[in-house]
Amino acid sequence: MPTNNEIAKILSETADILEIQGAIVFRVRAYRNAARVIENMTDKLSDIVARNPDELNSIRTIGKTLHDKIIEFCETGKVEEFDKLKESLPPGLLEMLKIQSFGPKRVKLVYNKLGIDSVNKLEEAASEGKIRVLPGMGEKSETKILKSIRDFRTLQTDRKPWAEAEEILQNYLGYITKIDGIHHIQPAGSFRRCRESVGDLDILVTCNENAGGIIQHFAEYPEVLEILAQGETKSSVVLKSKIQVDLRVVKPESFGAAMQYFTGSKEHNVALRALAKDKNMKLSEYGVFQNDESIAGKSEEEVYNAIGLDWIPPEIRENRGEIEKAKNHTLPNLISLDKIKGDLHCHTTHTDGSASLPEMAAAAKKLGYEYIAITDHSKAVTIAHGLSAERLLDEIMEIDKFRGQNPGIYIFKGIEVDIMADGSLDLDDEILSKLDFAIAAIHSRFGMNSDEMTERIVRAIQNPYVRCVAHPTGRLIGERIPYEMDISKIISAAKENDVALEINSSPHRLDMNESFTFQAREAGVPICINTDSHSPDGFLNMRYGINIARRAWCTEDNIVNSWSLGKLKSWFKPPKEVVQCELF
DNA sequence: GCCGTTTTCGGCCCGACTGTTTTCAGTCG
């Protein structure tokens with residue numbers, strides 16, 4: 001059965017094709033809206049279809065036509081009309097849409113006038129000066145196209161975002177475990193290490209004796225596109241979703257050693273084996289051996305302990321100093337989802353959220369949170385119906401009233417205030433002073449050079465009411481590269497001014513990324529893990545941000561929203577002391 | 001293509017930015 005992402009993808013590609021063909025914008029938008037809603041749903045659409053297709057009718061943005069198409073896709077694995085649409089266009093045209101500043105009109109223009117039907121041909125034509133003769137195009141357009149194509153290529157990757165890999169994996173595990181005889185089944189590899197993206201999936205299984213049957217069953221999964229290898233204890237397949245999955249069947253007494261071995265990373269394992277050798281031991285996927293005798297292997301703890309180490313959490317097995325710490329019993333106590341006490345970035349129907357303030361508060365309370373901050377958009381983000389000072393005052397009043405009536409969860413008064421091109425904010429200090437805190441963010445003018453962008457963000461950090469910078473680099477995974485900026489200067493300005501940097505947990509952003517977070521934590525910058533939720537379901541994305549934070553060695557001390565309500569209240573108390581930073 | 005106290009037709013988030021143009025089309029969020 002297709003995943004939500006796969007259904008969303010087919011709808012969104014239909015929208016792309018219709019757009020190039022010149023369909024009316026609202027029809028195109030209907031497909032896009034549905035794709036977005038489906039992508040963000042927590043319930044699996046294919047489950048709903050299997051249970052009761054009529055339930056689809058209650059989902060916003062899915063009407064009669066899309067209802068039928070989704071059922072067709074779930075039942076037959078394809079949508080006839082989509083296949084026809086796809087055949088009507090050269091395949092390269094859709095790829096060209098991914099080039100920044102290249103939309104459907106321009107794709108159509110270069111295709112009709114110059115026969116350009118691929119990114120490669122577009123690049124060739126642009127570098128030969130053939131684009132500038134077209135109406136509405138000029139020399140600058142060509143330069144821009146060439147730069148956009150370079151950016152596009154750096155974003156191209158075979159790896160899947162972790163969240164997408166997780167969905168594929170969960171479905172596969174659900175299928176595999178239907179066969180009898182499996183003792184343990186666990187994912188390993190970079191997925192278990194929670195890397196931001198995953199190249200292939202590794203699954204480990206222990207069983208009684210039916211190894212052959214399990215391997216056979218594994219390869220018969222209906223989503224398998226190609227079987228690469230199939231032996232007695234190992235099979236590799238490629239799924240229709242274009243990801244390779246390896247299954248290994250191991251003996252129970254070796255399960256821990258195999259988990260350790262196949263979880264990696266390679267660098268971590270090389271260092272571990274060297275350490276074992278120093279102690280006259282041998283470490284392999286079958287266990288720890290001394291004089292050819294197995295002394296450990298059943299569990300990972302046993303394996304690590306046998307070579308004199310504490311067990312190391314998978315997320316930090318990258319040979320970045322964790323082995324030394326495990327030796328000295330000084331490994332960090334990594335942050336985890338259960339330590340999170342609230343979410344400090346979310347939206348309501350006051351701007352572009354889909355749920356009211358009480359609904360968002362109720363959803364947060366249900367998760368066991370002690371507090372949340374409501375941070376709707378400010379006026380510059382017109383598309384989100386951003387708040388003017390007057391409308392923000394209304395929201396503040398609503399929060400005051402809500403606080404009085406709902407002792408179970410504390411609502412911080414916040415705003416996601418926009419950083420203008422010059423680093424000023426689009427709301428003045430007078431209104432900001434009425435809030436608990438402001439979280440500053442960029443939503444426009446992404447193309448500034450590094451010096452300008454760095455100065456812009458540092459100026460915002462130096463505003464007395466700003467306590468956090470949201471999605472600091474602006475990257476959208478697979479879609480937009482991060483802004484040019486000097487990360488070390490941002491980090492030191494944040495540190496000097498005691499301003500937090502955000503890990504935005506949206507699976508499309510994951511911004512800051514792991515390396516930025518690592519540097520920020522080492523510098524002692526407070527870190528928020530927020531979801532930027534626009535609906536109650538959005539809160540569930542927190543775990544993706546947790547993955548990043550754990551990989552960056554963050555502990556409770558580092559993570560602002562694991563602090564107690566009291567500690568947070570006293571930290572917020574605006575205005576803060578501003579430290580001017582020397583930039584250049 | 002979706003949706004509905006404006007309800008089965010006629011609306012649908014809309015302003016900023018860019019690069020091309022002399023007033024605007026295309027793209028983006």
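Here is how names work: the chains are called A, B, and so on, in the same order as the sequence lines, proteins then strands, and each is numbered from 1.
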Colleague: Hey, are A:Asp16 and A:Arg32 close enough for a salt bridge, meaning a charged N less than 4.0 Å from a carboxylate O?
Modeller: yes
Colleague: In whole angstrom, give the distance that lies between atom CG of A:Asp422 and atom P of B:dA16.
Modeller: 16 Å
Colleague: With sequence neighbours excluded, tell me which residues meet side chain to side chain donor-acceptor pair (under 3.5 Å) with A:Glu81.
Modeller: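 Only A:Lys69 meet the side chain to side chain donor-acceptor pair (under 3.5 Å) criterion with A:Glu81.
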Colleague: Checking side chain to side chain contact (heavy atoms under 4.5 Å, CB included) against A:Ile527, which of A:Thr517, A:Ile548, A:Val560, A:Asn561 comes through?
Modeller: A:Thr517
Colleague: If we ignore angles and hydrogens, is there a donor and acceptor under 3.5 Å between the side chains of A:Ser88 and A:Gln21?
Modeller: yes
Colleague: Given the C1' atoms of B:dT8 and B:dC2, what is the spacing between them in whole Å?
Modeller: 12 Å
Colleague: If I take atom CG in residue A:Leu146 and atom P in nucleotide B:dG19, what distance separates them, rounded to the nearest angstrom?
Modeller: 14 Å
Colleague: Reckon A:Glu139 touches a base, only the sugar-phosphate, or nothing at all at heavy-atom distances under 4.0 Å?
Modeller: sugar-phosphate
Colleague: Starting at atom NZ of A:Lys64, determine the distance to atom P of B:dC3, rounded to an integer number of angstrom.
Modeller: 13 Å
Colleague: Could you verify whether a donor N or O on one side chain and an acceptor N or O on the other, from A:Asn5 and A:Glu167, lie under 3.5 Å apart?
Modeller: yes
Colleague: Measuring only the P atom in each nucleotide, how far is B:dG26 from B:dT20? A whole number of Å is fine.
Modeller: 14 Å
Colleague: Mind calculating the distance between CG (A:Leu11) and P (B:dC2) to the nearest angstrom?
Modeller: 10 Å
Colleague: Sticking with atom P, work out how far B:dC3 lies from B:dC13, rounded to a whole angstrom.
Modeller: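 After rounding to an integer number of Å, I get 13 Å for this pair.
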Colleague: Within the structure, does a side-chain N or O atom of A:Ser141 lie under 4.0 Å from either OP1 or OP2 of B:dT20?
Modeller: yes
Colleague: Whole angstroms only, please: what is the NZ-P distance between A:Lys147 and B:dG19?
Modeller: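 It is 12 Å, rounded to the nearest whole Å.
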Colleague: Return the nucleotide paired to B:dT8: Watson-Crick means purine N1 to pyrimidine N3 with N6-O4 or O6-N4, wobble means G-U with N1-O2 and O6-N3, both under 3.5 Å.
Modeller: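 B:dT8 is paired with nothing.
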Colleague: Map A:Lys144 and A:Leu134 onto DNA chain B by nearest heavy atom, then report which one ends up closer to the 5' terminus.
Modeller: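 Taking each residue's closest nucleotide, the earlier one in sequence belongs to A:Lys144.
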Colleague: Out of B:dC13, B:dG1, B:dG19, which nucleotide sits closest to the side chain of A:Arg29?
Modeller: B:dC13
Colleague: Can you check whether A:Arg132 has a side-chain N or O nearer than 4.0 Å to OP1 or OP2 of B:dG19?
Modeller: no
Colleague: Take atom C1' in B:dC14 and the same atom in B:dC9, then report the distance between them in whole Å.
Modeller: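 23 Å, rounded to whole Å.
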Colleague: Measure CZ/A:Phe82 against C1'/B:dG1 and give the value in whole Å, please.
Modeller: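 Value for this atom pair: 17 Å.
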Colleague: Quick test: give all pairs of protein nitrogen or oxygen and nucleotides 26-29 of chain B nitrogen or oxygen below 3.5 Å, distance rounded to 0.1 Å.
Modeller:
| from | atom 1 | to | atom 2 | distance (Å) |
| --- | --- | --- | --- | --- |
| B:dT27 | OP1 | A:Gly103 | N | 2.7 |
| B:dT27 | OP1 | A:Gly103 | O | 3.0 |
| B:dT27 | OP1 | A:Arg106 | N | 3.0 |
| B:dT27 | OP2 | A:Lys105 | N | 3.3 |
| B:dC28 | OP1 | A:Ser101 | N | 2.8 |
| B:dG29 | OP1 | A:Arg480 | NH1 | 3.1 |

Colleague: Is a side-chain N or O of A:Lys576 found less than 3.5 angstrom from the main chain of A:Asn463, in a donor-acceptor match?
Modeller: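 Checked: pair present.
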Colleague: Without decimals, in angstroms, what is the distance between A:His377 NE2 and B:dC13 P?
Modeller: 16 Å
Colleague: Nearest-nucleotide wise, let me know which of A:Glu81 and A:Met137 is further upstream toward the 5' end of DNA chain B.
Modeller: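 Looking at the nearest nucleotide for each, A:Glu81 comes out on the 5' side.
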Colleague: Without decimals, in angstroms, what is the distance between A:Phe26 CZ and B:dC13 C1'?
Modeller: 10 Å
Colleague: For the P atoms, the ones on B:dT21 and on B:dA16, what distance do you get once it is rounded to whole angstrom?
Modeller: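 It comes out at 24 Å once rounded to the nearest Å.
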Colleague: Just verifying a value: how many Å separate A:Tyr369 OH and A:Met542 CE, rounded to the nearest 0.5 Å?
Modeller: 3.5 Å
Colleague: Students often get this wrong, so: under 4.0 angstrom with heavy atoms, is A:Ile24 touching a base, only sugar-phosphate, or nothing?
Modeller: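 The residue A:Ile24 makes base contact.
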Colleague: Without hydrogens or angle criteria, can the side chains of A:Asp511 and A:Thr473 be said to hold a donor-acceptor pair below 3.5 Å?
Modeller: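 Yes, because at least one side-chain N or O of A:Asp511 sits under 3.5 Å from a partner of the opposite role on A:Thr473.
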Colleague: Suppose you measure atom C1' in B:dT23 against the same atom in B:dC17; what distance do you get, rounded to whole Å?
Modeller: 16 Å
Colleague: When you check the phosphate oxygens OP1 and OP2 of B:dC2, does a side-chain N or O of A:Thr65 lie under 4.0 Å from one of them?
Modeller: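 Answer is yes, contact under 4.0 Å.
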